[in-house]
2 protein chains.
Amino acid sequence: MRKISGSTVRRLSLYLRFLEQFDALGKTTISSAELARRGATTSAQVRKDLSFFGSFGKRGLGYSVPELTARLRDILGLKRTYRVVLVGAGRIGGALVQYPGFRQRGFHVAAIYDRDPRKVGSRWNGLVVRDVRHIVGDLKKEPTDIAIVVTPADAAQDVTDQLVQGGVKAILNFAPIRLAVPADVVVKSVNMALELETLSFALANR
Amino acid sequence: MRKISGSTVRRLSLYLRFLEQFDALGKTTISSAELARRGATTSAQVRKDLSFFGSFGKRGLGYSVPELTARLRDILGLKRTYRVVLVGAGRIGGALVQYPGFRQRGFHVAAIYDRDPRKVGSRWNGLVVRDVRHIVGDLKKEPTDIAIVVTPADAAQDVTDQLVQGGVKAILNFAPIRLAVPADVVVKSVNMALELETLSFALANR
DNA sequence: TTCTGTGAATAGGTTCACAGCT
DNA sequence: AGCTGTGAACCTATTCACAGAA
């Protein structure tokens, strides 16, 4: 497939949310202009984004809400559910385990790991925290595509190596380091402090 | 000032982190190539990013670590501390209140608000949760530049309007809606489910 | 007539490559 | 000799504008 930019993918996710909202309102048809207004972009951008994957609209009419919803879910890989493991039973980990947005979208946090013996065995949102030393064995028994790394920086690379060894193919990383992974593994890093710094930059440079 | 792209700002934040690490190792000088290696970019990119703000290096030598650190802290608006208020005393709010990365960078979470009477009055990391109805009055007494919105979607716009009324100029938004704000207020939205969807897209389109 | 789909034009961001300072 | 600073070249993303389907 042709190379799709990250910003296109993010917009597709947004369009999908808007479509779900439109569907809830009982609308059956939507134009690129309406999607654009919601997404703070342009109608041409919406049409271009969609055009990378085919032509789903009807000229003079717009897009069928249920049809485009289905196509976007398909494009974004959301027609299936994902088993997700979470490594790091700290505050952020705890918040993510019960984050409703994940389950709604088919991302099921199925296991939590930590290295701290005081945390191992405790319950988090119905899941028993397991010792991280079991992780490779567990992953081999229960194939898992996605992991969320919420460990301190010093543990993150080691954990990542074990995740890769266990067959994980995508990692959402909250640790403030760049993770080294083989070419067939995708990493997406989120860094809250960095987000705040884009704000302080904006405040300082008005 | 000339328009600086978001990706340049993000890279500057990263360079600052690397510089701090180099400083801790006792290095006093660093080349654009070394910064590039750490940041998974190119030396030309590093130099170009810096060149928007001046010329801080010495030809043949590289950059002085303490000097460039100071310049970046200045550029990113990190020479001062920021009073930050957090709205929404849920799981994610709780995790963010004690997130060490914020305080390290000079972002001080100084107050937490919630609308739920059962949460109001409880203690979170040493702070007493206040009723959100006091927020405008509090902000007028204690001018605050940055707010973090961690409420459910249905409350986020209302809270945002109050923050703006109270003089907040930058908002880090975790609620899954686009916030409407006046032109002089910056909003940066973070959406975890959307990040996971970029991963499922990558898995589905290999 | 309305709104899509898409080449062409434009804008924006990245990389190249080299002159010039240390 | 080594590494910066920066125009120019290149590449990618967005916007324009219009032909064509409903």
Side-chain angles (χ1 to χ4, degrees), chain A residues 1-16 18-19 22 27-72 75 198 201-202 205, chain B residues 1-16 18-19 22 27-72 75 198 201-202 205:
Chain A
M1 187 204 292
R2 185 184 150 171
K3 175 72 172 59
I4 303 298
S5 78
S7 29
T8 291
V9 177
R10 301 177 74 83
R11 283 192 300 266
L12 293 176
S13 292
L14 287 176
Y15 304 156
L16 176 55
F18 302 148
L19 285 166
F22 275 104
K27 292 206 72 167
T28 56
T29 256
I30 189 168
S31 69
S32 56
E34 286 172 283
L35 280 172
R37 197 162 30 75
R38 286 279 198 125
T41 180
T42 64
S43 62
Q45 181 74 80
V46 172
R47 295 197 301 277
K48 182 68 84 180
D49 286 338
L50 297 176
S51 78
F52 295 135
F53 302 93
S55 41
F56 312 132
K58 291 206 192 337
R59 293 169 194 235
L61 231 157
Y63 302 88
S64 149
V65 170
E67 204 178 302
L68 187 55
T69 301
R71 297 308 302 257
L72 286 179
I75 290 164
T198 68
F201 174 83
N205 295 275
Chain B
M1 185 206 288
R2 186 186 147 165
K3 176 71 172 59
I4 304 298
S5 76
S7 30
T8 291
V9 177
R10 301 177 73 83
R11 283 191 301 265
L12 293 176
S13 292
L14 287 176
Y15 304 156
L16 176 55
F18 302 148
L19 284 166
F22 275 105
K27 292 207 73 169
T28 56
T29 256
I30 189 169
S31 68
S32 56
E34 287 172 285
L35 280 173
R37 198 163 28 75
R38 285 279 197 127
T41 179
T42 66
S43 62
Q45 181 73 78
V46 172
R47 297 198 300 278
K48 183 68 86 181
D49 285 339
L50 297 175
S51 78
F52 296 134
F53 301 93
S55 40
F56 312 131
K58 292 209 191 334
R59 291 169 197 237
L61 233 159
Y63 302 87
S64 150
V65 170
E67 205 177 301
L68 187 55
T69 302
R71 297 309 301 257
L72 286 180
I75 291 164
T198 69
F201 174 82
N205 295 276

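Within every chain, numbering begins at 1; the chains are lettered A, B, ... in the order of the sequence lines, protein sequences first and strands thereafter.
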Study note, to complete from the structure: Terminal axes of the helix from C:dT1-D:dA22 to C:dT22-D:dA1 (5 end pairs apiece), angle rounded to 10 degrees, sit apart by 10°
Exercise for review: Verify the contact: side-chain N or O of A:Ser55 to OP1 or OP2 of C:dT4, cut-off strictly under 4.0 Å; return yes or no.
Suggested key: no
Practice item. Ignoring backbone atoms, test whether B:Ser5 places a side-chain nitrogen or oxygen under 4.0 Å from the OP1 or OP2 oxygen of C:dG12. Key: no
Study note, to complete from the structure: 5' to 3', nucleotides 17-22 of chain C under a 4.0 Å protein heavy-atom cut-off (B base, S sugar-phosphate only, - none) gives B-BBBB
Point to revise | Derivation and outcome, side chain to side chain contact (heavy atoms under 4.5 Å, CB included), residues A:Leu12 and A:Phe53 | key: CA-CA 11 Å; A:Leu12 293 176; A:Phe53 302 93; 3.5 Å; yes
Check your understanding: Separation of A:Gln45 atom CD from D:dA13 atom C1', in whole Å?
Key -> 7 Å
Check your understanding: Between B:Lys48 (NZ) and C:dT15 (C1'), how many Å, whole number?
Key -> 9 Å
Exercise for review: Kindly write out the residues that satisfy salt bridge (Lys or Arg N to Asp or Glu O under 4.0 Å) with A:Lys58, not counting sequence neighbours, or none if the list is empty.
Suggested key: none
Check your understanding: Is the distance from OP1 or OP2 of D:dA22 to the nearest side-chain N or O of A:Tyr63 less than 4.0 Å?
Key -> no
Revision key, fill the gap. Rounded to whole Å, the CG-P distance (B:Leu50 to C:dT15) equals 15 Å
**Study point:** Separation of C:dT4 C1' from A:Glu34 CD (nearest whole Å)
**Key:** 14 Å
Check your understanding: Just how far, in rounded Å, is P of C:dT4 from CD of A:Glu67?
Key -> 14 Å
Check your understanding: Within the pair A:Ser32 and C:dT4, is there a side-chain N or O less than 4.0 Å away from OP1 or OP2?
Key -> yes
Exercise for review: Using whole Å, report how far CD1 of A:Ile30 lies from P of C:dT2.
Suggested key: 19 Å
**Study point:** Integer-rounded Å distance: C:dG13 C1' and B:Lys3 NZ
**Key:** 11 Å
Revision key, fill the gap. To the nearest 0.5 Å, atom CZ of B:Phe56 lies from atom CZ of B:Arg71 at 4.0 Å
